[in-house]
Protein chains: 2
Amino acid sequence: MKQTATPASDDGLKLSAWLPYRLFLVAAQVARPLESFYSETFGLSQAGWRILAVIAERDAANASEIGRACALDPFAVSRGIGQLTELGFAVRRPGKTDRRFAAVSITRSGRTAFNRIAALGSAIEARLLARLSEAERTILDSALTRLEGESARIDAGGWRALLDDAGAP
Amino acid sequence: MKQTATPASDDGLKLSAWLPYRLFLVAAQVARPLESFYSETFGLSQAGWRILAVIAERDAANASEIGRACALDPFAVSRGIGQLTELGFAVRRPGKTDRRFAAVSITRSGRTAFNRIAALGSAIEARLLARLSEAERTILDSALTRLEGESARIDAGGWRALLDDAGAP
DNA sequence: CACATATAATTGCAAAGTGCAAGCATTGAG
DNA sequence: CTCAATGCTTGCACTTTGCAATTATATGTG
């Protein structure tokens, strides 16, 4: 007599309830409309948009700063900057003191594009925040800060470190 | 006389404080070690892992159910299932009543693999949750549920709908 | 100064992943 | 029986990504 008692997983991991997947899902669903906007409108890639957002809030930045600020490896940064300069949204100027560091800055038209994308981005964020109470926003903010820190450590440690943790409690 | 008053963005969007980016960042950082584990160990792709997780918690599923459950389009599902069957982690059997729906189920070795990956996944989740208080976990859980719903609506509406919202308050 | 070594960034290319048109198999309506 | 609809798969062009090698610049050493 087959009962539905154990159709399921031995380990208690249910994808739809697994925190990382839930975070990913919200981020992915919300990124999609934004991405189709800036790719259709400006021909911008995801890396391009992230870099644009970074240089929009700085006078000038070199590639590694940018990479650190938006979690992109040097290759992606280099290509993204290439795209932005082709579109006329950024300029590269050789660094003043050390010319290995090229200073990347946003142009006027880059800023215009950024503002248009940012308006959409802010609208999205507003829609999300509208579903939370003031108290929840505060808690989410502080919780996310800690999760960012912990996830960075998890990433840095690699998977072997994770198993060691679990193995030696 | 240049002062640092406005080196920054006109619109108030700071990438590192923008909710969708923050969610993405945690999800991405935490996914990386897991991904290198299952790809090194089993040669599994991200889609493959997601599908494996879905069929681990069901007796059998057809491709569209799987797609819905893990946010994958039909092509990706089909290829993912292909990968899983090649690895011997899943089997396809023609559906009983309607043979257009092939029933996909996990195999014994698929379950073994799943359990190993899930153990890592749970360890990651535990590390994250350890940084939150009991109260915070409860709030995060309920907040995330609402964010999932809202982000799905945002995604479904597309970017034009977003601008209409903002434009006509 | 010439040279080795280090660092920042870029480029070229192969491998992997993605999107989409077309295809096959099956079903159900007329 | 035929034909449109459905569920899924495949082939192929296109894009993205990962990594080795390269360029350009800077710094340390005899």
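A note on names: the letters A, B, ... follow the listed sequences, proteins ahead of strands, and every chain is numbered from 1.
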Would you kindly give the [atom1]-to-[atom2] distance between [X] and [N], to the nearest whole Å?
X       : N      : atom1 : atom2 : result
B:Leu84 : D:dT9  : CG    : P     : 12 Å
A:Ile51 : C:dA9  : CD1   : C1'   : 13 Å
B:Glu65 : D:dC8  : CD    : C1'   : 14 Å
B:Glu86 : D:dT9  : CD    : P     : 13 Å
B:Ile66 : D:dT9  : CD1   : C1'   : 14 Å
B:Leu72 : D:dT9  : CG    : P     : 13 Å
B:Asp73 : C:dC20 : CG    : P     : 9 Å
A:Asn62 : D:dT25 : CG    : P     : 16 Å

Does any donor atom in the side chain of A:Arg116 or A:Thr112 lie under 3.5 Å from an acceptor atom in the other side chain?
-> no

Does the B:Arg92 side chain pair with the main chain of B:Val104, one donor and one acceptor, at a distance under 3.5 Å?
-> no

Under 3.5 Å: donor-acceptor pair, side chain of B:Gln29, backbone of A:Asp155 | no

Residue B:Ser78, side-chain atoms from C-beta onward, closest of C:dA9, D:dC19, D:dT10 | D:dT10

Around atom CZ of B:Arg93, are there more than 12 heavy atoms of other residues, nucleotides or ligands at under 6.0 Å?
-> no

Check whether more than 12 heavy atoms from other residues, nucleotides or ligands sit under 6.0 Å from atom CZ of B:Arg153, and answer yes or no.
-> yes

Can you tabulate the close N/O pairs, meaning under 3.5 Å, that link protein atoms to atoms of nucleotides 12-17 of chain D?
none

Shared ILVMFWY cluster between B:Phe101 and B:Ile81, side chains joined below 4.5 angstrom?
-> no

B:Ser133 and its side-chain contact (heavy atoms from CB on, under 4.5 Å) partner, picked from B:Arg131, B:Arg137, B:Glu136 = B:Glu136

Applied to residues 73-92 of chain A, the ring pair (Phe, Tyr, Trp, His ring centres under 6.0 Å) test, sequence neighbours excluded, yields A:Phe42-A:Phe89

Name all pairs fulfilling the ring pair (Phe, Tyr, Trp, His ring centres under 6.0 Å) condition that reach into residues 122-163 of chain A, sequence neighbours left out, sorted by first residue then second.
-> A:Trp159-B:Phe37

Is there a residue in residues 22-44 of chain B whose heavy atoms reach under 4.0 Å of DNA chain C, and which residues are they?
-> none

Strictly below 4.0 Å, heavy-atom distances to any atom of DNA chain D: list the hits from residues 94-105 of chain A, or just say none.
-> A:Thr97, A:Asp98, A:Arg99, A:Arg100

Can you tell me which stems involve DNA chain D, if a stem is defined as three or more consecutive Watson-Crick or G-U wobble pairs, both distances under 3.5 Å?
-> C:1-30 with D:1-30

Using a strict 4.0 Å threshold on nitrogen-to-oxygen distance, state whether A:Arg50 and A:Glu35 make a salt bridge.
-> no

Heavy-atom check, side chain of B:Val91 versus side chain of B:Thr85, under 4.5 Å | no

Side chain to side chain, B:Arg127 and A:Leu162, heavy atoms closer than 4.5 Å | yes

How are the rings of B:Trp18 and A:Trp49 set to each other: parallel, tilted or perpendicular (split at 30° and 60°)?
-> perpendicular

Return the minimal non-hydrogen interatomic distance between A:Arg22 and B:Asp141, and the atom names on each side.
-> NH1-OD1, 2.7 Å

